[in-house]
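Only a predicted model underlies this, so the values are computations on that prediction, with no experimental measurement involved.
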Amino acid sequence: PHPILEREMKNYHKLVKESLLHRKIFEFLRLAPSSRTSIVNYLTYNNAKGHKKVLDALKLLQKEGLIYSEGTKWRVVK
C-alpha cells in the first residue's frame with residue numbers, strides 16, 4: 001500500500017478506537033455516576049497507560065460539555 005494511505009488508515013483506526021472508548025465511557029456513566037477507577041475496571045484498562053487513556057477521554061468528554069466531575073465521581077450532564 002501507499003505510505004500516505006497507510007498512515008491515514010492508522011490515524012483513522014486510532015480515531016475509531018478512541019470514539020469507541022468515549023462511547024463506552026459515556027454509556028457507562030449514563031448508568032450511574034462513577035469514579036475513574038470504576039471506569040478503568042469496567043473497561044479492564046487497569047494499568048498506568050489505561051488510566052491515562054481514560055483520564056484523557058474523560059477530559060475530552062468534559063470539554064465537550066457531556067460530563068462533569070463532582071468530587072471523585074464523574075456524571076453525565078442532564
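- Note that CG of Leu58 and CG of Leu66 are 11.5 Å apart. Values are rounded to the nearest 0.5 Å.
- A salt bridge links Glu27 and Arg30; the closest N-O separation between the charged side-chain nitrogens and carboxylate oxygens is under 4.0 Å.
- Between Arg36 atom CZ and Asn41 atom CG the span is 11.5 Å, to the nearest 0.5 Å.
- Contact of the Ile25 side chain with the Leu29 side chain is registered, since non-hydrogen atoms from C-beta on lie closer than 4.5 Å.
- To the nearest 0.5 Å, the span separating CG on Leu21 from CD1 on Ile39 amounts to 9.5 Å.
- Atom CD of Glu64 is separated from atom CG of Leu60 by 4.0 Å, given to the nearest 0.5 angstrom.
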All N/O donor-acceptor pairs, side-chain side in residues 68-78, below 3.5 Å, sequence neighbours left out:
| unit_1 | atom_1 | unit_2 | atom_2 | d |
| --- | --- | --- | --- | --- |
| Glu70 | OE1 | Arg75 | NE | 2.8 |
| Glu70 | OE1 | Arg75 | NH2 | 3.2 |

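- The two residues Val40 and Asn46 come nearest to each other via the heavy atoms CG1-CA, 3.5 Å.
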